[in-house]
**Student:** 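Attaching a single structure in structure tokens format; questions to follow.
We count ligands from 1, going down the list as the structure has it; atoms in each ligand are counted the same way. Sequence positions, counted from 1, serve as the residue numbers for this chain.
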Amino acid sequence: MEIKTFSNYKQICNVVSSNIRDLVLHNNNPVLGLATGSTPIGVYKNLASMRGISFENTITFNLDEYRGLNHNHRQSYHYFMKKHLFQYHRFSKNYFPGQSNLHKYDTMIKNTGGIDIQILGIGTNGHIAFNEPGSSRYSATRIVDLTDNTINDNSRFFDPLEPIPTQAFTMGLSSILDAKKIYLMAVGKHKEKILEEAVYGDIYEGLPASYLQQHPNCEVLYCD
Ligand code: GLP
């Protein structure tokens with residue numbers, strides 16, 4: 001695994017969206033693993049504007065969702081996905097981890113044949129999805145406590161007086177690492193250090209993204 005550095009964000013988004021496009025055009029039942037956060041928004045913008053391509057056979061599994069946030073809340077990941085992608089194309093199914101499917105989520109993914117392309121961002125503490133430092137490489141989809149670092153990072157999206165969720169539902173590292181292809185996207189100087197540690201440093205629980213080094217087909221795309 002190595003870091004591929006690009007000169008701008010648009011180029012990274014084009015790489016990821018064109019590979020998703022090829023998958024959807026050439027596969028009868030494509031399965032996508034989708035991330036939220038600011039990083040993948042440009043990918044969804046590209047997909048949203050694609051004409052002449054049908055997502056009607058495509059199943060999506062989102063990585064995570066806040067616990068205790070109404071799905072209509074503008075900071076919920078349900079709302080995010082609808083706003084950036086799902087309102088533009090009809091999909092076969094759009095799944096999110098939640099209370100009702102928590103113990104089935106990993107099996108549901110396996111039953112589709114597995115995730116063909118997984119999009120990932122990275123938290124400034126090295127988390128992927130909401131697998132915070134300390135997460136086992138074999139972790140299943142579950143409820144997690146968010147670290148102060150993550151709550152602080154994500155507080156910028158909430159109104160100052162609004163309570164910020166402290167727990168989330170997250171796909172575990174096990175299902176993420178089972179994806180056939182992974183694109184880890186990172187944008188901005190503030191991500192550079194943690195990305196270098198994840199890609200070139202030790203593999204251990206304290207830095208969940210470092211487990212991606214064990215994946216046979218993970219591309220890391222970075223621009224500052
Ligand atoms: C949240 C999400 C992660 C995402 C991270 C980075 O914590 N749960 O999946 O990777 O934010 O967000 P951003 O892309 O805004 O830097």
**Student:** Return the option from Thr36, Leu63, Thr39, Thr170 holding the heavy atom at the smallest distance from atom 4 (C) of ligand 1.
**Tutor:**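 Going through Thr36, Leu63, Thr39, Thr170 one by one, Thr36 has the nearest heavy atom to atom 4 (C) of ligand 1.
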
**Student:** Before giving the answer on ring-ring contact (aromatic ring centres under 6.0 Å, His included), spell out for Tyr88 and Tyr44 the whole-Å C-alpha distance, their side-chain angles and the decisive distance to 0.1 Å.
**Tutor:** CA-CA 10 Å; Tyr88 297 102; Tyr44 300 143; over 10 Å; no

**Student:** List ligand 1 atoms under 4.0 Å from Gly121, heavy atoms only on the residue side.
**Tutor:**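 Selected atoms, number and element: 10 (O).
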
**Student:** With heavy-atom distances below 4.0 Å as the criterion, list the atoms of ligand 1 near Tyr77.
**Tutor:**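 It comes down to these atoms of ligand 1: 1 (C), 2 (C), 8 (N).
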
**Student:** Considering Ile122, Asn131, Thr150, Leu184 one by one, which has a heavy atom nearer to atom 6 (C) of ligand 1 than any of the others?
**Tutor:**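 Looking at heavy atoms only, the winner is Ile122.
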
**Student:** Could you tell me, atom by atom, which parts of ligand 1 come under 4.0 Å of a heavy atom of Lys191?
**Tutor:**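 In order of number, 13 (P), 16 (O).
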
**Student:** Among all protein heavy atoms, pick out the one at the shortest distance from atom 11 (O) of ligand 1; state its residue, atom name and that distance to 0.1 Å.
**Tutor:**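 Minimum-distance protein heavy atom for atom 11 (O) of ligand 1 reads His127 NE2, 4.1 Å.
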
**Student:** Kindly assign one of parallel, tilted or perpendicular to the pair Phe86 and Phe91, based on the angle between their ring planes and the thresholds 30° and 60°.
**Tutor:**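 Perpendicular: the ring planes of Phe86 and Phe91 meet at over 60°.
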
**Student:** Give the numbers and elements of all ligand 1 atoms closer than 4.0 Å to a heavy atom of Arg156.
**Tutor:**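 Result: 15 (O).
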
**Student:** Measure from NZ or CZ of Lys181 to the centre of the six-membered ring of Tyr183 and say whether it is under 6.0 Å with the direction within 45° of the ring axis.
**Tutor:**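 Ring-cation test returns yes.
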
**Student:** Which is it for Ala168 and ligand 1 at heavy atoms under 4.0 Å: side chain, backbone, both or neither?
**Tutor:**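 It is neither part, as no heavy atom is under 4.0 Å.
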
**Student:** Just need the protein heavy atom nearest to atom 12 (O) of ligand 1, so name the residue and atom and give the distance.
**Tutor:**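 Protein heavy atom with the smallest distance to atom 12 (O) of ligand 1: Gly37 CA, 4.0 Å.
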
**Student:** His89 vs Phe55 aromatic rings, parallel, tilted or perpendicular, using cut-offs 30° and 60°?
**Tutor:**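 The rings of His89 and Phe55 sit tilted, inter-plane angle from 30° to 60°.
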
**Student:** What protein heavy atom lies closest to atom 15 (O) of ligand 1? Include the residue and the distance to one decimal.
**Tutor:**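 Sorting protein heavy atoms by distance from atom 15 (O) of ligand 1 puts Ser38 OG, 2.6 Å first.
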
**Student:** State which residue, out of Leu120, Ile119, Thr141, fulfils the side chain to side chain contact (heavy atoms under 4.5 Å, CB included) condition with Leu63.
**Tutor:**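 Among Leu120, Ile119, Thr141, the one that satisfies the side chain to side chain contact (heavy atoms under 4.5 Å, CB included) with Leu63 is Leu120.
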
**Student:** Under 4.0 Å between a Lys/Arg side-chain N and an Asp/Glu carboxylate O for Lys189 and Glu192?
**Tutor:**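 Between Glu192 and Lys189 there is a salt bridge, with a charged N closer than 4.0 Å to a carboxylate O.
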
**Student:** What's the shortest distance from atom 8 (N) of ligand 1 to any protein heavy atom, and which residue and atom give it?
**Tutor:**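 Ranking protein heavy atoms by distance from atom 8 (N) of ligand 1, first comes Asp64 OD2, 2.8 Å.
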
**Student:** Does Ala35 reach ligand 1, in the sense of a heavy atom lying below 4.0 Å from it?
**Tutor:**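 Checking ligand 1 against Ala35, which is what was asked, there is no heavy-atom contact under 4.0 Å.
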
**Student:** Can you tell me if NZ on Lys180 sees more than 12 non-hydrogen neighbours from other groups inside 6.0 Å?
**Tutor:**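 Result for NZ/Lys180: enclosed.
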
**Student:** Walk me through it: do His73 and Glu162 pass the test side-chain hydrogen bond (donor to acceptor under 3.5 Å, both in side chains)?
**Tutor:** CA-CA 12 Å; His73 190 288; Glu162 215 173 9; 2.8 Å; yes

**Student:** Angle between ring planes, His84 versus Phe80, binned at 30° and 60°: parallel, tilted or perpendicular?
**Tutor:**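 Ring orientation, 0 to 90° scale: tilted.
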
**Student:** For atom 3 (C) of ligand 1, find the nearest protein heavy atom and state the residue, atom name and distance (0.1 Å precision).
**Tutor:**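 The closest one turns out to be Ala129 O, 3.7 Å.
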
**Student:** Which atoms from ligand 1 have a heavy atom of Asn154 less than 4.0 Å away?
**Tutor:**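 Per the distance check, 7 (O).
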
